[in-house]
There are 4 protein chains.
Amino acid sequence: MSSTSARPARARSAEEKHQRRDDILRAAERLWTTTSYAELSMNQVAREAGLAKGTLYLYFDTKEELFLALLSEHLHRWISATADLFLERQPRTPEGVAAVLLHHAEHLTPLRRLLVLLGTVLERNVRPELALEFRRDLDQQLRRLVGHMPYAPDTAMRVLRHLYAMTIGWQQLSESLPGTDPVTAQLRAPQDTDLYGEFELALRAIVGQLAAGTLVAS
Amino acid sequence: MSSTSARPARARSAEEKHQRRDDILRAAERLWTTTSYAELSMNQVAREAGLAKGTLYLYFDTKEELFLALLSEHLHRWISATADLFLERQPRTPEGVAAVLLHHAEHLTPLRRLLVLLGTVLERNVRPELALEFRRDLDQQLRRLVGHMPYAPDTAMRVLRHLYAMTIGWQQLSESLPGTDPVTAQLRAPQDTDLYGEFELALRAIVGQLAAGTLVAS
Amino acid sequence: MSSTSARPARARSAEEKHQRRDDILRAAERLWTTTSYAELSMNQVAREAGLAKGTLYLYFDTKEELFLALLSEHLHRWISATADLFLERQPRTPEGVAAVLLHHAEHLTPLRRLLVLLGTVLERNVRPELALEFRRDLDQQLRRLVGHMPYAPDTAMRVLRHLYAMTIGWQQLSESLPGTDPVTAQLRAPQDTDLYGEFELALRAIVGQLAAGTLVAS
Amino acid sequence: MSSTSARPARARSAEEKHQRRDDILRAAERLWTTTSYAELSMNQVAREAGLAKGTLYLYFDTKEELFLALLSEHLHRWISATADLFLERQPRTPEGVAAVLLHHAEHLTPLRRLLVLLGTVLERNVRPELALEFRRDLDQQLRRLVGHMPYAPDTAMRVLRHLYAMTIGWQQLSESLPGTDPVTAQLRAPQDTDLYGEFELALRAIVGQLAAGTLVAS
DNA sequence: CATGAATGAGCCTTCATTCAT
DNA sequence: AATGAATGAAGGCTCATTCAT
């Protein structure tokens, strides 16, 4: 069933409950790497987590809230790690900034797919207060990240917006019609062109463009 | 019901059958401007087309194939129009090229939303042969477009790839969590930043980058 | 499964559709004689009718609407039969009137149980327009019945109200805790007291009371 | 939460346990005045009582048993009070008897609704032994009440049966399809007819009928 | 005794697809 | 070719009850 080996039968303490919630998120995450949102049923998540279906609803009110939580988590993690990396590297050039922003990009497929969900399906069936909380929290996190970037806040935010759009776009591009005869795949990058390289190139270009003459002392 | 004037008798000739198929696509298109894929049922499409549900399946094997056909159509239309515009304007600068590529961008929301679908849901439940056909056809079209662009084929194709990614990305960005408290909307562009402008800026930057020193005699 | 022997596979004509709808109502009715509303699932109804679950929802929007239709039907039937009986017998005494109103009372258990439902559960999850239609229709029917009773309309309506209340009351009384040791059943009528007789007595008493000096020429 | 002042520690003595049981019944009672049986969850009762869900099951085996206990209590209370009133007033006329039986009728809505439950839902999922006990106990109480009525035991019991039936019937009638267009509400009493008045009238009529020539020395 | 996390059968309902007409 | 009634798997979700703590 699940990978978690031993687990208390009942989550009593707040800590255990957090752990249980985490178990569910981990289960969803595992399935998420191979399955689309529509195909992924709560039943499956429950089975993967080694829990009963009803238990899921003890921790998340709806399927959408579960996945919003997963997105939130991944976003936090990325923002945190990226902020730290800015602090550590203190990049001064567009290339350096882009490099920080793209650090570990190859491991972020789940996050990118979740971001696609956000604009597609997550907005529905989530309690408005939760949606608001998600946004507030995200804003706060982003502000922190912006603070570590070597640009004026407005510029930094614009950079992030472009990153966001590009991230989604290239993610989608990379998923389009997989399994199609590669010979005829033309829009799809040829063998020797890696999508990731293109993404990087684009980001560098846009950062360079936006950053022109706006470097600030951090 | 719909815009189709007369009640459909039997489509006998190939031409009539093509017309019937087109009616269905037009109906789907009308609904598509206001409704998400999941919310849009085959029943609705049938009603909008003034046809019975079963009739749809005479022309399209699955819901996905119907929408793939719609995407194909929009893509064709855009490629054609854009190729013509290249021919007409013969742009020589990145700005000019970007301007051609973004021409009528504001009317392309349905196409952009269909492109999002492609990577999300259209890939499933489509007969492989149809998927292949779609790709072949698209490639052919793209080659034609590439031929009209003032760059080497490889470069031109790269530009198109970036356009594709950005298109999807900004489309998604523009749809994320609407209705959320605007005060806290930070990732979302502030009032005075228009998404479209950012998109344009990014495209120009990337075209400029890719095109550097690669202008060819068309 | 069902008792209906032969049946068209698909109900095409309006008549066949009415028949199919009727099949469902008949199936629900059969189950209703032995099962409580909460215990009676749509699944069971479908099975009993020899149809798929989804088919039920082609004819009734919700479980409640199905049972409201069943109630409506039974009510119609009773009102019609009773109005006819008034016409035929032209009763002039309270006893005669009561006898008409109680005619076939022993076969009306399903109706009585449905009436109990009305005030308990049917009011919820029914489209307001349908509820209104039910009431309008019922009122019209009742007016017709009242027209055949040998009393002024107001008095006749009061009689019906009392009949309604008593019907429900005695029905409930007859259902209370069945299977309980009869020796100790005290509130419950002893062997030699039949509930129905009591019901009749009460109705006669109330009709006599209300009718005192109000006989009209019908 | 509720009206229970202190948070419940452990109920050790029999008295404390009785108190705890009572707390639960009081909580259920409070909710019962505003909520239907189906809508009223054990969770709510627990919360209202300031207890955990599991604790309820220490005192009542099922939801049904909890409500049967509540009914039993209300019935006791009413029987006691009514017996006392007979003793005090010593009514000799049907009007007097009816008046005693209907004393405080306007406060008995919860009891009436519980009686409706009895025939509908309480009969299921209750241990037979408990059902039997309920009946035995009720019989005993009723015998006491009958002893205070100015009729022969059989007659008195018949009066009570009629009261029971009418009580339920008028209760249900008063609840049927609330919120429906009053214009079309025909079965429902018109503005100037009060349900309670009708109920009283009916009871008087039936008592008069049954009591004819059967007055006994109490 | 008390807790409340966990259970899981079962609910009603939807809708892409099929197929008898 | 066209119909639309029928299908039925699958969905998300509820809640009385249990049981490890």
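Computed from a predicted structure; not experimentally measured.
The nearest whole Å value for the distance from the CG atom in D/Leu66 to the C1' atom in F/dC15 is 15 Å. Atom-to-atom, CZ of A/Arg21 to P of E/dA6 comes out at 13 Å; the value is rounded to the nearest Å. Between C/Glu15 atom CD and F/dA5 atom P the separation is 15 Å, expressed in whole Å. Taking atom CZ on D/Arg47 and atom P on E/dT3, their separation rounds to 14 Å, with Å as the unit. Counting to the nearest Å, the C1' atom of E/dT17 and the CD atom of B/Glu65 are 13 Å from each other. Rounded to whole Å, the distance from NZ on A/Lys17 to C1' on F/dT21 is 14 Å. Separating the CZ atom of A/Phe60 from the P atom of F/dG12 is a distance of 15 Å, rounded to the nearest angstrom.
Partners of A/Glu39 under the side chain to side chain donor-acceptor pair (under 3.5 Å) rule, at least two apart in sequence or in another chain, are A/Ser36. When the ring-ring contact (aromatic ring centres under 6.0 Å, His included) test is applied to D/Tyr37, the partners found at least two apart in sequence or on another chain are D/Phe67. Residues that satisfy the side chain to side chain contact (heavy atoms under 4.5 Å, CB included) test with B/Glu133, not counting sequence neighbours, are B/Leu130. Partners of C/Ser13 under the side chain to side chain contact (heavy atoms under 4.5 Å, CB included) rule, at least two apart in sequence or in another chain, are C/Glu15, C/Glu16.
Using a 4.0 Å heavy-atom cutoff across all strands shown, B/Tyr59 reaches sugar-phosphate atoms only and no base atom.
With values rounded to the nearest 0.5 angstrom, D/Leu25 atom CG is found 6.0 Å from D/Leu66 atom CG.
Nearest nucleotide to the D/Ala52 side chain, out of E/dG4, E/dA6, F/dA2: E/dG4.
Using a 4.5 Å heavy-atom cutoff, the side chains of C/Tyr59 and C/Leu51 are not in contact. Between C/Val45 and C/Phe60, the closest side-chain pair of non-hydrogen atoms is not below 4.5 Å.
Smallest separation of non-hydrogen atoms from A/Ala28 and A/Leu40: O-CD1, 4.3 Å.
A salt bridge does not link D/Arg26 with D/Asp23: every distance from a Lys NZ or Arg NE/NH1/NH2 to an Asp or Glu carboxylate oxygen is 4.0 Å or more.
Every stem involving DNA chain E, taken as at least 3 paired positions in a row under the Watson-Crick or G-U wobble test at 3.5 Å, is listed here: E:2-21 with F:2-21.
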Output a table of nitrogen or oxygen pairs between the protein and nucleotides 13-15 of chain E separated by less than 3.5 Å.
from, atom 1, to, atom 2, distance (Å)
E/dT13, OP1, C/Asn125, ND2, 3.4
E/dT13, OP2, C/Tyr57, OH, 2.9
E/dT13, OP2, C/Lys63, N, 3.3
E/dT13, O4, C/Lys53, NZ, 2.8

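Both C/Leu56 and D/Tyr37 lie close to DNA chain F; mapped to their nearest nucleotides by heavy-atom distance, the more 5′-ward contact belongs to C/Leu56.
No hydrogens or angles were tested; on distance alone, nothing pairs the side chain of A/Arg10 with the base of F/dA20 as donor and acceptor under 3.5 Å.
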